[in-house]
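Notes for the one structure printed next.
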Amino acid sequence: SVQENLIKASHLINMDDIVREGNETLRTVADEVSLPLSDEDILLGEKMMEFLRNSQNPVMAEKMQLRPGVGLAANQLDIAKKIIAVLIPNDPEIDENGNEVAPKEAYKMSEIMYNAKIVSHSVQDAAIESGEGCLSVDREVPGLVIRHARVTVEYYDKNNEKHKIRLKGFPSMCVQHEIDHTNGIMFYDHINEKEPWAVKDGLLIIQ
Ligand SMILES: O=CN(O)C[C@@H](CC1CCCC1)C(=O)N1NCCC[C@H]1C(=O)Nc1ccccn1
Ligand code: NI
């Protein structure tokens, strides 16, 4: 099966494993994974996180020709399961001489989430100032991707522990992008076709 091949110890997920627009799994509502998690679902989550790490490592990204990613959903691997991985780097700090130094914490968010769902959200909407892209979309789709500014998300981690977290800012946008994938929704479904860059009153713009 697709999953068996992806979780082989020797396999590193690469761009060839990521399905593109037109593949019906991108428009499929994925199944919840059964608990307690199977070994193969735990391994798949770990491989997805490994892909994100490699994609953010200049040496590995160049060697493997990876597009940098901060999130990945199993639907993008042609697997209709509610498994997502999120790896959001912290920005480097600037020292007194204006030099970039590594941040104390490398990542703002690093999580493999099983059966993630939004259980509540703000009335206020938000959008990333520059719009969004997607590793499964080989074209630019300009416009503000209108999302909830803040969300409360319930999910299970790889140890079968249940979590309920509140997110805002870029992490909120990222997790919504990934949960959307598990529900067959693409980022451009949230762009206003007539006025892609229209800023409605109250919209929070995220840099
Ligand atoms: O479903 C998951 N995907 O499709 C990968 C996407 C997920 C993000 C899109 C917007 C929110 C989540 C992804 O990571 N990208 N989209 C295409 C190429 C660039 C890359 C990206 O935004 N990188 C990035 C952003 C900020 C800081 C560092 N790197
Ligand atoms: Ni995507």
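It should be emphasised that the depicted structure is a prediction, and the values quoted were computed from it without experimental measurement. What you see below is based on every heavy atom in this structure, not just the backbone, and it leaves out hydrogens, waters and symmetry mates. Counting starts at 1 for both ligands and their atoms, following the listed order.
Atom 22 (O) of ligand 1 is never approached by the protein to below 4.0 angstrom, counting heavy atoms only.
Close approach of ligand 1 to Phe170 (heavy-atom distance below 4.0 Å) involves ligand atoms 25 (C), 26 (C). Close approach of ligand 1 to Gly69 is summarised as follows: ligand atoms under 4.0 Å from at least one heavy atom of the residue are 14 (O). Against a heavy-atom cut-off of under 4.0 Å, His177 is close to the following atoms of ligand 1: 1 (O), 2 (C), 3 (N), 4 (O), 9 (C).
In Phe187, neither the side chain nor the backbone holds a heavy atom less than 4.0 Å from any atom of ligand 1. Under 4.0 angstrom from ligand 1, there are no non-hydrogen atoms of Ala73. With a 4.0 Å heavy-atom cut-off, ligand 1 is reached by no atom of Gln56.
Side-chain contact, Lys81 with Asn75: no donor N or O sits under 3.5 Å from an acceptor N or O. For the 3.5 Å distance criterion, the side chains of Gln3 and Asp41 qualify, holding a donor opposite an acceptor.
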Please assess Arg27 against Glu21 for the test salt bridge (charged side-chain N to carboxylate O under 4.0 Å, His left out), listing each intermediate value before the final yes or no.
-> CA-CA 9 Å; Arg27 286 304 191 182; Glu21 289 178 287; over 6 Å; no

Check the pair Lys200 / Asn192 against side-chain hydrogen bond (donor to acceptor under 3.5 Å, both in side chains), numbers first and verdict last.
-> CA-CA 11 Å; Lys200 274 174 71 175; Asn192 182 317; over 6 Å; no

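The single protein non-hydrogen atom nearest to atom 5 (C) of ligand 1 is Gly71 O, 3.4 Å, given as residue, atom name and distance. In terms of protein heavy-atom proximity, atom 29 (N) of ligand 1 is nearest to Val70 CG1, 3.4 Å. When hydrogens are left out, the protein atom nearest atom 7 (C) of ligand 1 is Glu178 OE2, 3.7 Å; that is the closest non-hydrogen contact. For atom 18 (C) of ligand 1, the nearest protein heavy atom (residue, atom name, distance) is Arg67 NH2, 3.4 Å.
A cation-pi geometry, defined here as NZ or CZ lying under 6.0 Å from the six-membered ring centre and within 45° of its normal, holds between Arg139 and Tyr188.
Looking at every heavy atom in both residues, Met186 comes nearest to Cys134 through CE-SG, 4.4 Å.
For Gln76, a nitrogen or oxygen atom sits less than 3.5 Å from a nitrogen or oxygen atom of ligand 1, counting backbone and side chain alike. Polar contact with ligand 1: present for Leu135 (N/O pair, distance under 3.5 Å). In terms of polar-atom proximity, His181 is counted as a contact of ligand 1, with an N or O under 3.5 Å from an N or O of the ligand.
Lys108 and Asp91 are not joined by a salt bridge, as no carboxylate oxygen comes within less than 4.0 angstrom of a charged side-chain nitrogen. Ion pairing between a basic and an acidic side chain is recognised when a charged N comes within 4.0 Å of a carboxylate O; Arg20 and Asp138 show such pairing.
The option with the heavy atom closest to atom 19 (C) of ligand 1, from among Gly133, Pro68, Ser55, is Pro68.
Using modelled atom types, no side-chain atom of Asn5 and backbone atom of Val2 make a donor-acceptor pair closer than 3.5 Å. Side-chain N or O atoms of Gln56 include one that pairs as donor or acceptor with a backbone N or O of Leu87 at under 3.5 Å.
For His177, the N, O or S atom closest to the Ni ion (ligand 2) goes by the atom name NE2.
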